[in-house]
Amino acid sequence: MINLLIAIVIVLAILVLAKVARVFELSTELKGENPAEVTEADNKTQSTLFMVMGLAYLVFVVYSFVAWGKHLLPPAASEHGAEIDNLMGISFGIIIPMFFITHLVLIFFAYSYYHRKSRTATFFAHSNKLEMIWTVVPTIVLTTLIIYGLTVWHDVTGPEPDDAMEVELYAKQFDWTARYSGSDNVLGKSGYRLITSENPLGISIEDGASADDKIVRGELHLPVGKPVVFKFHSRDVLHSAYMPHFRLQMNCVPGMTTQFHMVPKTTTKEMRQITGNDEFDYLLLCNKICGGAHYNMQMNIIVESEEDYAAWLADKKTFAESMGAAPVVEVAEAVQTEVLEEGAEEVSVEDGAVVETEETAPAGH
Amino acid sequence: MSDHAAHEDHAHHHHHGKPDFWTHYVFSQDHKMISKQFLITAIIMGFIGMALSMLFRLQLGWPGESFGILETVLGKWAEGGVLDPNMYLALVTIHGTIIVFMVLTGGLTGTFANLLIPLQVGARDMASGFMNMLSYWFFLASSVIMVGSLFIETGPASAGWTIYPPLSALPEAIPGSGLGMTLWLVSIALFIVSSLLGGINYIVTIINLRTKGMSMDRMPLTMWAIFITAILGLLSFPVLLSAALLLIFDRSFGTSFYLSDIFIGGQALEHTGGSPILYEHLFWFLGHPEVYIILLPALGITSEVISTMSRKPIFGYKAMVLSMLAIAFLSFIVWGHHMFVTGMNPFLGSVFTFTTLLVAIPSAVKVFNYLTTLWKGNIVYSPAMMFAIGMVSTFITGGLTGIILGDSALDINVHDTYFVVAHFHIVMGASAIFGMFAGVYHWFPKMYGKMMNKKMGYAHFWLTVVSVYGVFFPMHFIGLSGVPRRYYSNEAFPLFDALQDINVSISLFAFLGGIAQVIFFVNFFYSIFRGTKATKNPWHSNALEWTTEVNPGHGNWEGPIPTVYRWAYDYSKPGANEDFIPQTVPLKEGEEEVH
Ligand code: HEM
Ligand SMILES: [Cu+2]
Ligand SMILES: [Cu+2]
């Protein structure tokens with residue numbers, strides 16, 4: 001009912017608008033004016049409006065920095081993030097003045113040079129000197145930005161330090177699972193064909209390296225100041241692991257391992273102080289459209305001292321413990337037969353199914 | 001009033017006898033009628049695309065709240081008036097697809113390439129009227145299928161306008177990847193055929209059918225823009241077509257181009273060896289040129305309008321052409337900037353950063369040239385000129401944020417956030433739609449022999465520009481706060497609560513923008529029927545299209561096609577009696593030609 005009313009109102013409004021327009025046109029025509037012809041008065045009014053509205057736009061831009069600037073992300077909580085923040089600052093330092101200068105010029109010209117019968121425009125078709133200036137100056141500025149930007153990019157994506165702790169982030173619709181590599185700092189092999197309800201990451205039981213891996217859901221804990229290298233996997237569609245506070249993002253791609261390494265440098269506690277928000281938590285979000293609950297695919301990240309981290313992790317069961325002795329055999333057999341039944345020969349286990357977590361990391365090398 | 005109006009009926013259909021309703025309005029091969037068909041289809045599609053965005057802006061402004069209108073419009077997809085999350089994604093997807101392809105590619109180029117090419121280069125029609133007609137019919141079919149897909153049981157395609165697999169390949173992943181995605185792919189395939197048929201025609205006509213004296217370097221910049229656009233389309237759309245075909249194979253015939261190692265719906269799929277990254281490469285190899293396919297015609301229109309209405313030659317004609325060529329060339333080697341965080345080799349990332357940031361140079365040249373054209377001009381503020389100046393502003397605002405995004409190290413943290421949404425809506429969405437509006441207001445007299453109402457034009461412009469910035473400027477801040485795009489709601493993250501006020505005001509501005517477009521709609525259709533009669537050359541322009549009768553018949557010029565003696569931008573040339581010298585006026589003795 002309400003909707004019908006709304007529809008009627010809209011239709012009526014359109015009709016009224018058309019009628020008003022008609023009346024308007026007739027009355028201007030009666031006055032001997034042409035409702036389409038741009039008059040000198042129009043030029044003056046519109047040029048003034050350009051000045052007023054143009055300046056209002058610039059004021060709005062300033063206002064938005066003041067009003068919303070405080071919502072922006074706090075300083076980076078990772079070492080490489082500080083470099084990125086620096087680059088971001090410099091880039092904004094260039095584009096914001098450019099924005100204001102060009103807009104002021106645009107507004108000023110639009111205001112000053114409105115049409116008057118008494119004036120003629122200046123015939124000025126080109127000037128090699130001017131065009132040279134505004135080709136060369138942007139080139140120099142951009143070259144500087146490119147060089148600086150690529151230096152940062154090089155640092156960020158360079159190889160991880162040898163002592164980096166390996167953590168797998170495993171994405172599926174619609175949650176994250178973390179797998180710590182345990183005392184050997186090697187993640188056991190895994191493959192999508194090994195997935196069962198008890199073994200949702202499809203970790204290979206036969207791989208000795210998997211025994212001490214620890215699987216954690218809900219929260220990701222990281223020791224402060226220690227390099228960590230994330231290995232990203234997805235089992236279904238594309239996802240993207242986004243940790244805005246650490247200036248870190250990497251897509252999770254089925255069939256491929258991606259990676260990103262960082263050193264967290266601010267603990268959650270410290271960041272709560274910096275932001276003045278007692279409930280602050282670092283976030284891991286999904287940032288690649290992945291289905292209906294994409295908007296709620298998240299995990300909290302806790303950065304803490306090494307001792308706290310160790311204490312937290314000590315509680316968690318290893319993969320071997322969580323599978324238990326008996327089921328291990330059963331599952332292993334089930335997997336074996338399943339694979340053989342596929343008729344895909346043994347090769348497929350190596351080729352397609354088992355992801356070599358060690359060697360197939362394209363990023364960062 | 002025009003003394004030519006009387007000739008109007010006589011001029012009509014002068015060359016081809018008396019066609020009936022069907023050949024004149026429906027299966028027309030006259031480029032001017034085809035242009036109007038494109039425009040009206042695009043206006044309708046524009047309204048649909050915009051309406052979809054308002055539906056999801058309701059959810060984003062007031063997440064979880066119940067709106068009767070949503071249930072009325074969407075039925076089971078908004079039970080109790082609350083939008084379904086899958087439908088949210090579907091709306092975003094179809095909104096993006098319609099605006100990008102149907103309105104700003106098919107609509108913008110289809111309208112102005114068809115209207116202007118023969119008129120501005122001096123030809124009786126397009127090289128192939130028949131292909132041209134087909135181009136429209138494929139476009140219409142594609143549009144109808146895309147809109148039709150909104151009404152099917154499992155919902156329309158929902159994987160975003162970029163339809164990345166595996167999401168788009170697997171109905172298990174999202175319901176919209178069933179029949180909805182099939183229709184999307186069919187629609188886009190038809191669209192590509194349409195744009196190839198059109199593009200070939202545009203290129204051939206511009207190369208071969210220019211009138212005597214119309215050398216390439218005397219062409220108006222609109223012609224250059226459309227020419228370059230058509231080449232871009234011809235080189236890149238086939239790649240999208242192949243990407244779509246491979247996706248169809250993966251979806252329907254069990255191939256594994258994009259799929260590998262997938263466990264979904266409780267089972268492991270057979271696909272092995274493919275990669276979704278391959279799809280991204282193919283998609284963006286079109287996708288990036290596509291954004292310039294959208295932008296260049298708008299830049300061309302703006303150049304023409306700014307020069308004409310400033311009563312000044314466009315500043316740096318050659319630089320304008322060269323910068324368009326440079327942008328076009330570069331647009332083929334920057335696609336990887338959409339993929340910095342896909343895990344591609346960091347060295348490759350560096351190369352794409354380098355090429356991407358280079359694009360800013362020709363873009364800057366264009367902006368400075370526009371500004372210099374305005375300098376010491378004698379600006380007539382027709383509604384078209386308002387939009388042209390607005391376009392310069394949006395191009396600056398949005399282009400500058402490209403410098404942030406193009407830097408791979410910075411893109412890590414803003415990729416796929418609202419910062420990107422702000423960037424491309426301002427630099428592409430707003431600039432292109434402003435260019436399109438400028439074109440409609442400017443050439444309406446040529447299309448319909450009538451003038452549009454200027455007061456409504458002014459109101460339309462101011463409300464539109466206010467709402468564009470009101471909607472998209474704040475999104476920069478939302479993005480820099482770390483909010484991802486394509487989120488149904490931010491309520492799952494208490495950290496983002498503080499931003500909800502901004503989302504409310506964005507939604508309000510979006511509705512204001514919608515209302516503003518109603519003014520345009522009314523003005524457009526009202527003026528077709530009741531507008532004041534146009535004169536032959538209402539803007540005192542130099543270009544060739546204004547030497548035809550007010551309502552040119554099929555064949556465009558009654559007598560022989562005029563000969564061209566100069567470039568299109570001799571405005572306020574010293575020594576001339578008037579502030580414009582049409583291209584058909586021979587050089588005076590001793591007069592120097594500029595271009
Ligand atoms: C100074 C020039 C420009 C640069 C350096 C630039 C750079 C970029 C970059 C790096 C991205 C990817 C951001 C991301 O997804 O993380 C992007 C996105 C985009 N840009 Fe630009 N851009 C520029 C101008 C333009 C222009 C002129 C247009 C269109 C007319 C445009 C349209 C787009 C679109 C549509 C997207 C987003 C596509 C999507 O993800 O849905 N850009 N731009
Ligand atoms: Cu996800
Ligand atoms: Cu791009």
Part of [X] lying under 4.5 Å from any heavy atom of chain B:
X	result
Tyr57(A)	side chain
Ser127(A)	both
Thr120(A)	backbone

ask   = In terms of ring plane angle, is the pair Phe50(A) and Phe461(B) parallel, tilted or perpendicular, where the classes change at 30° and 60°?
value = tilted
ask   = Between Tyr295(A) and Tyr487(B), what is the ring plane arrangement, given parallel below 30°, perpendicular above 60°, and tilted in between?
value = perpendicular
So which part of [X] gets closer than 4.5 Å to some heavy atom of chain A, the side chain, the backbone, both or neither?
X	result
Asp407(B)	side chain
Phe525(B)	neither
Ser310(B)	backbone
Pro445(B)	neither

request  = Taking the six-membered ring for Trp and the single ring otherwise, decide whether the centroids of Phe347(B) and Trp153(A) are under 6.0 Å apart.
outcome  = no
query = Ring centroid separation for Phe65(A) and Phe477(B), is it under 6.0 angstrom?
reply = yes
request  = Please tell me if the side chains of Trp134(A) and Asn369(B) come closer than 4.5 Å, counting only heavy atoms from C-beta onward.
outcome  = yes
query = Are Phe493(B) and Gln298(A) side-chain neighbours, meaning at least one heavy-atom pair lies under 4.5 Å?
reply =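 With C-beta onward as the side chain, the pair touches.
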message = Run Trp462(B) and Gln46(A) through side chain to side chain contact (heavy atoms under 4.5 Å, CB included) and show every step you take.
response = CA-CA 10 Å; Trp462(B) 286 115; Gln46(A) 296 307 319; 2.9 Å; yes
message = Ignoring hydrogens and geometry beyond distance, is a side-chain donor-acceptor pair present between Tyr192(A) and Thr272(B) at under 3.5 Å?
response =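 Not at all, the side chains of Tyr192(A) and Thr272(B) share no donor-acceptor pair under 3.5 Å.
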request  = May I ask you to check whether His103(A) and Ser393(B) show a side-chain donor-acceptor distance below 3.5 Å?
outcome  = yes
message = Under a 3.5 Å distance rule, please check whether Asn378(B) uses its side chain to pair with a backbone N or O of Arg119(A) as donor and acceptor.
response =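 Between the backbone of Arg119(A) and the side chain of Asn378(B) there is a qualifying donor-acceptor contact (under 3.5 Å).
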inquiry  = Are there over 12 heavy-atom neighbours, none belonging to Phe124(A), within less than 6.0 Å of that residue's CZ?
reply    = yes
message = A quick test of your reading: do over 12 heavy atoms of other residues, nucleotides or ligands sit less than 6.0 Å from CZ of Phe354(B)?
response =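 Count not over threshold, so no.
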